[in-house]
Amino acid sequence: MLQALKKPLPSPSLSSNIRVVKPPETLFNQSGFEQGYRQTCNLLLSQTQSRSLPKGLQLHAHIIKSGLQTLPLVSHHLINLYSKCQLPLLSRQIFDETPRKSATTWSSIISSFAQNELPCLAIEYFRRMLGEHVHPDDHIFPSATKSCGILGRIDVGGSIHCLVVKTGYDGDVFVGSSLVDMYAKCGDLKIARKVFDEMPERNVVSWSGMIYGYTQYGEDEEALRLFKQALCTDLKVNDFTLSSVIRVCGDSTLLELGKQIHGLCVKTNFELSSFVGSSLISLYARCGVVEAAYQVFEEVPVRNLGTWNAMLIACAQHAHTNKVLDLFKEMGSFGMKPNFITFLGVLYACSHAGLVEKGKYFFELMKEYGIEPGPQHYSSLVDLLGRSGKLLEAVSIIEKMPIAPTESILAALLTGCRIHGNTELAAYTADKVTELGSMSSGMHVLISNAYAAAERWEDAAKARKKLRDLGVKKETGLSWVEVGNMVHTFTSGDVCHSRTKEIYQKLEELGEEMEQVGYVADTSFVLQDVDGIEKSQKIRYHSERLAIAFGMITFPPDRPIRVMKNLRVCGDCHTAIKFMSKCSGRVIIVRDNNRFHRFEDGKCSCGDYW
């Protein structure tokens, strides 16, 4: 018995009988850490949504002090905070200091670069991510393809597309939408449409991207057809979709359709969007209803730079020069910094109003805003000087500017020479243009006209022959009038319209009335080696005159006649339309390829300076 008592007792199992109890303060610290971690993440999200940089910086300092900055999710939120505050380089600093980089962290930094117009860095970090064997997902792919679209790098975008297919994300609606947008922005509408058609599911981004692509490359009919198809699928369109379609209406001067889409904007509560507002301003301005453009501008509650530029350009096109200058001042009072487009609009307004000193002032002012004048700005300056008769000063600008003269710059000088009858300088400039090599069909015509005005018929014929040899066709002069949802188009001497007899009869009646009050045809604008009678017949039935006569027999007397034209209105037609407005008592609005002319009671809004 005693021996049995001496035997050692069996050891109790530690796992079943012993509990390791942490001190109460340790439990409290862990709980407090988790609570602080969650609270920090929530606060970061809140500051990111409100884009509150000062509070975000204070919170960042607290994160560093508490040692939370090493956690991947906190780094992710910090990267997003600085990205939304448009500080992507601070986002990169956070990323570089993060010891453990998850797929979410990579996604955040690539998105930050893509959203803040640093596409090269976005692509670079995407490559680095692949080198670290991190697999891209449905958040990373769209940022990478967006960057390719910004850069126009369809080769890199195509490689990413291959990786999308390889990783099985080609069926994802967000990735597919980004691919459509990328190919559309790179100009390959065929592949963009193929990707779009093959998507198993489409959202508003994919529809908008495809519509925008057609809009960008002048496929207006296809853009409208796709928009109609989108509406038939009960798609809830957004402001980006609507602004793209309104832009189509503006480019095609489809006023009635534009009004209908404006109604849809009101119905869907997007009429107050700055993007839609900018497009509506351009629509009404391009269609000759500048009063409606003013109204839209006043009703947009938050105006971005695009809205200001749209209104400024609308005023410039309609010869509201004082309003252009007032808007430029007003922009500054709202803290809006002008960009290169703003200055283009102001220079255009000064050029077409003959404000030489003002134009020079604004040209120099660009540099104070850190904007280096580009070819378009120099073209506007040369146009300003050329139109005002300062041709030698315009030549001096061309000789001293830091860039090589472009086609548009020399075309501006040629226009000035034509206006002021300096045929010698025009012919000399035409010789210089030919040294550029390839040029547009319009430039070939300008050169031919310059030689013809100088009576260098042989050189004029050579210029036109070169145009034919290159297989480039001269753009046909067209004028059109919209009646309801139908556009009636006319060419010079057109006899194809169903109301041709009435149109020509109206022109005959107008012609007699015009001659009685002093109109005499100026046949010098017919730059062809033909006799005077034939010149008179050619100029009498130019497309804009036919369109105006059609408008007179179609619209009631109190309705303005709006005529759109793809080429510049000739000097004699400009004079003739003034007489037409005086004899008929009608308001006639003509938009050529340069500006708007409002004819009323024998006067034009351009003041004969265009």
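All values below come from the heavy atoms of this structure, side chains included, with hydrogens, waters and symmetry mates left out. Sequence positions, counted from 1, serve as the residue numbers for this chain.
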Would the Trp106 and Phe95 ring centres measure less than 6.0 Å apart?
yes
Using a distance-only test with no angle check, is there a side-chain donor-acceptor pair under 3.5 angstrom linking Ser107 and Thr104?
no
Modelled atom types, side-chain donor and acceptor of Asp383 and Ser380, under 3.5 Å
no
Which of these, Ile341, Leu344, Asn304, sits in a side chain to side chain contact (heavy atoms under 4.5 Å, CB included) with Asn309?
Ile341
Is Ser111 reaching over with its side chain to a backbone N or O of Ser108, donor-acceptor style, under 3.5 angstrom?
no
Please determine whether the number of non-hydrogen atoms from other residues, nucleotides or ligands lying under 6.0 Å from atom CZ of Arg127 exceeds 12.
no
Is it the case that the side chain of His262 and the backbone of Leu280 share a donor-acceptor pair, with hydrogens and angles ignored and the cut-off at 3.5 Å?
no
If you measure from the Lys or Arg side-chain nitrogens to the Asp or Glu carboxylate oxygens, is any gap between Asp251 and Arg286 under 4.0 Å?
yes
Quick check: do Arg586 and Phe555 have side-chain heavy atoms less than 4.5 Å from each other?
yes
Answer yes or no: is there an ion pair linking Glu222 with Arg225, defined by an N-O contact shorter than 4.0 Å?
yes
Polar side chain donor-acceptor pair, Gln115 to Lys84, under 3.5 angstrom
no
Examine the side chains of Thr253 and Trp480 and answer whether a donor and an acceptor come within less than 3.5 Å of each other.
yes
Could you check whether any side-chain N or O of Tyr217 sits under 3.5 Å from a backbone N or O of Lys185, counting only pairs where one atom can act as donor and the other as acceptor?
yes
Verify whether one side chain among Asn80 and Ser83 offers a donor that lies under 3.5 Å from an acceptor in the other.
no
If you take all heavy atoms of Phe328 and Leu312, which pair is closest and at what distance?
N-CD1, 4.3 Å
Verify, without hydrogens or angle tests, whether Ser605 (side chain) and Arg598 (backbone) share a donor-acceptor contact under 3.5 angstrom.
yes
Would Tyr214 and Arg193 count as having a side-chain donor-acceptor pair, cut-off 3.5 Å?
yes
Is the closest basic N to carboxylate O distance between Glu544 and Arg591 below 4.0 Å?
no
Looking at Gln216, I'd like to know if its CD atom is crowded, meaning that more than 12 non-hydrogen atoms belonging to other residues, nucleotides or ligands lie closer than 6.0 Å.
yes
Quick one: sort the Phe550 and His488 rings into parallel, tilted or perpendicular, breaks at 30° and 60°.
tilted
According to the interplanar angle, ranging from 0 to 90°, do the rings of His597 and Phe599 count as parallel (below 30°), tilted (30 to 60°) or perpendicular (above 60°)?
parallel
Main chain of Val74, side chain of His77: is a donor-acceptor contact present, judged purely on distance under 3.5 Å?
no
Hey, are the side chains of His161 and Val195 touching, using non-hydrogen atoms and a 4.5 Å cut-off?
yes
In plain terms, say whether Asp188 and Lys190 are close enough for a salt bridge, that is, a side-chain N and a carboxylate O under 4.0 Å apart.
no
Distance-only polar pair, side chains of Ser278 and Thr307, donor-acceptor under 3.5 Å:
yes
Taking the inter-plane angle between the rings of Trp207 and Phe196 on a 0 to 90° scale, is it parallel (under 30°), tilted (30 to 60°) or perpendicular (over 60°)?
perpendicular
